[in-house]
Number of protein chains: 2
Amino acid sequence: MQISSRFTIAVHVLVCIETFKNDYKVTSDFLALSVNVNPVVIRRLLQQLKKAGIVNVVRGSGGTSVEKPLDEITLLDVYNAAECVEEGALFHFHENPNQLCPVGKNIHAILDTRLEEIQRAMENEMKSVTIQDVINDAEKLIKIK
Amino acid sequence: MQISSRFTIAVHVLVCIETFKNDYKVTSDFLALSVNVNPVVIRRLLQQLKKAGIVNVVRGSGGTSVEKPLDEITLLDVYNAAECVEEGALFHFHENPNQLCPVGKNIHAILDTRLEEIQRAMENEMKSVTIQDVINDAEKLIKIK
DNA sequence: ATTGGTTGTAATAATTATAGATACATCTAT
DNA sequence: ATAGATGTATCTATAATTATTACAACCAAT
């Protein structure tokens, strides 16, 4: 299984909001067209990003804006906001291992620390990239085409 | 979404094979009891580990053994063998972004390098832990209990 | 204050992925 | 031959995700 597409969609959404902020009112329908998903998916995601203090969504008249300096939003912030993995645990454990087996009984304790370290390595890398970095990449690429 | 439990099951299986190799014939039924899943799930997984050269499965008379020195099997080897993510890509992309939108058209190119780096950070950490390390942890914990 | 366009959210359906279960041919050692 | 395993196909069940529909709540402009 892969990490939910909510993550890449969230980044896509943030890049769009920033890219088009001067030329369009960036609504959930507008974003849904660019991402090519149902507008409700976008609205739900925007709510999550809003709760995390990353974006502001204007009720009634509509539109979205980024709430924080772009270089203070890391990919990890977006990842956490979008809740891409259950309860922050990257690895899925098989449930109910046999408690009568010494390995089954201890498998969680055996693996937990190691798995946490792996997860932390990933999250640290995510923390090192900001949305500003991504937008810089985006501007370069869009100009070429 | 989380990474498939096939990964933790695979590690569990390897620890079992090693722990019980002198006292039991470790069959798919035996392993299925410890992990508490259907024996077919174990057999399918063993086939994947076998293809990767990690274990040997004895047809007919039954039983399983580890094929390589334990300190030469990394968690990354097991992870790759178990095919926990589709085509090796950790992050799931939303499909068919709008090609008429400059952001939608380029979102893949914009994000690919960054996502690869994040994935690589995780994989490097996985590479640094061997099954021998895990079994050392296991032996310590099992003794205490 | 009505209207048009939008968000927020519930409810439900459709889709996809995973795991479970059954069945049985195949194999090996005895 | 037989008993006990594996290898694998097929089908079902379960779970998770995403899509869709619907509509109340909301805001700004006229």
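Quantities reported herein were computed from a predicted structural model and do not represent experimental measurements. Heavy-atom basis, side chains included; hydrogens, waters and symmetry copies ignored. Note on naming: letters A, B, ... go to the chains in the order of the sequence lines (proteins, then strands), and numbering restarts at 1 for each one.
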Here's a test of your reading of the structure: between A/Val40 and A/Val58, which maps to the more 5' nucleotide of DNA chain D? A/Val40
Residues of residues 23-31 of chain A with a heavy atom under 4.0 Å from any atom of DNA chain C, listed by number, are A/Lys25, A/Thr27, A/Ser28
So do B/Asp137 and B/Ile135 actually touch side chain to side chain, heavy atoms under 4.5 Å? no
Take the protein atom CG of B/Asn36 and the nucleotide atom C1' of C/dG20, then report the distance between them rounded to whole Å. 12 Å
Taking only N and O in the side chain of A/Ser4, is any of them less than 4.0 Å away from OP1 or OP2 of D/dT18? yes
In whole angstroms, the gap separating C1' of D/dA19 from CG of B/Asn96 amounts to 14 Å
Give the rounded distance in Å between these two atoms: CD1 of A/Ile42 and P of D/dT18. 11 Å
Of A/Lys51 and A/Gly62, the one whose closest nucleotide on DNA chain C sits nearer the 5' end is A/Gly62
Starting at the 5' end of DNA chain D and moving along, which residue's nearest nucleotide shows up first, B/Gly60 or A/Ile9? B/Gly60
Can you check the A/Asn56 CG to C/dT6 P distance for me, whole Å? 17 Å
Once you round it to whole Å, what is the distance between C1' of C/dT7 and CG of A/Leu45? 14 Å
A/Gln2 CD - D/dA16 P separation (whole Å): 17 Å
On the 0 to 90° scale, with breaks at 30° and 60°, tag the A/Phe7-A/Tyr79 ring pair as parallel, tilted or perpendicular. perpendicular
Length of the CD-C1' vector between A/Glu95 and C/dG20, whole Å: 14 Å
It should be established whether A/Lys50 places a side-chain nitrogen or oxygen under 4.0 Å from OP1 or OP2 of nucleotide C/dG8. yes
Please name the pair of heavy atoms, one in B/Gly63 and one in B/Thr27, separated by the smallest distance, quoted to 0.1 Å. N-CG2, 4.4 Å
For A/Arg44, which contact category applies under a 4.0 Å heavy-atom criterion: base, sugar-phosphate, or nothing? base
I would like to know whether A/Val11 and B/Leu111 meet side chain to side chain contact (heavy atoms under 4.5 Å, CB included); could you show each step before the answer? CA-CA 9 Å; A/Val11 177; B/Leu111 282 177; 3.8 Å; yes
Extract all donor-acceptor atom pairs below 3.5 Å that involve side chains of residues 65-74 of chain B and protein atoms in other chains or at least two apart in sequence.
{"residue": "B/Thr74", "atom": "OG1", "partner": "B/Leu76", "partner atom": "N", "Å": "3.2"}
{"residue": "B/Thr74", "atom": "OG1", "partner": "B/Asp77", "partner atom": "N", "Å": "3.1"}
{"residue": "B/Thr74", "atom": "OG1", "partner": "B/Asp77", "partner atom": "OD2", "Å": "3.2"}

What is the separation between atom NE2 on A/His94 and atom P on C/dA19, rounded to the nearest whole Å? 11 Å
Is the base of C/dG8 touched by the side chain of A/Arg43 through a donor-acceptor pair closer than 3.5 angstrom? yes
Side-chain donor-acceptor pairs of residues 36-52 of chain B under 3.5 Å, sequence neighbours excluded:
{"residue": "B/Asn36", "atom": "ND2", "partner": "A/Asn96", "partner atom": "O", "Å": "2.6"}
{"residue": "B/Asn38", "atom": "OD1", "partner": "B/Val40", "partner atom": "N", "Å": "3.0"}
{"residue": "B/Arg43", "atom": "NE", "partner": "B/Ser28", "partner atom": "OG", "Å": "3.1"}
{"residue": "B/Gln48", "atom": "NE2", "partner": "B/Ala81", "partner atom": "O", "Å": "3.4"}
{"residue": "B/Gln48", "atom": "NE2", "partner": "B/Glu83", "partner atom": "OE1", "Å": "3.4"}

Counting only side-chain heavy atoms from C-beta out, which of D/dT6, D/dA19, C/dG8 sits nearest to A/Val37? D/dA19
Just compare C/dA11, D/dT10, D/dT21 and give me whichever is closest to any side-chain atom of A/Asn38. D/dT21
So, is A/Gln47 close to the C/dT7 phosphate, meaning a side-chain N or O under 4.0 Å from OP1 or OP2? no
Should the pair B/His108 and B/Phe93 be assigned to parallel (<30°), tilted (30 to 60°) or perpendicular (>60°) ring geometry? parallel
Side chain to side chain contact (heavy atoms under 4.5 Å, CB included) assessment of A/Ser4 paired with B/His92: CA-CA 6 Å; A/Ser4 168; B/His92 184 201; over 6 Å; no
Under 3.5 Å donor-acceptor pair, B/Arg59 side-chain atoms to C/dT26 base atoms: yes
Go through D/dT18, C/dG8, C/dA19 for me and flag the one nearest to the A/Ser5 side chain. D/dT18
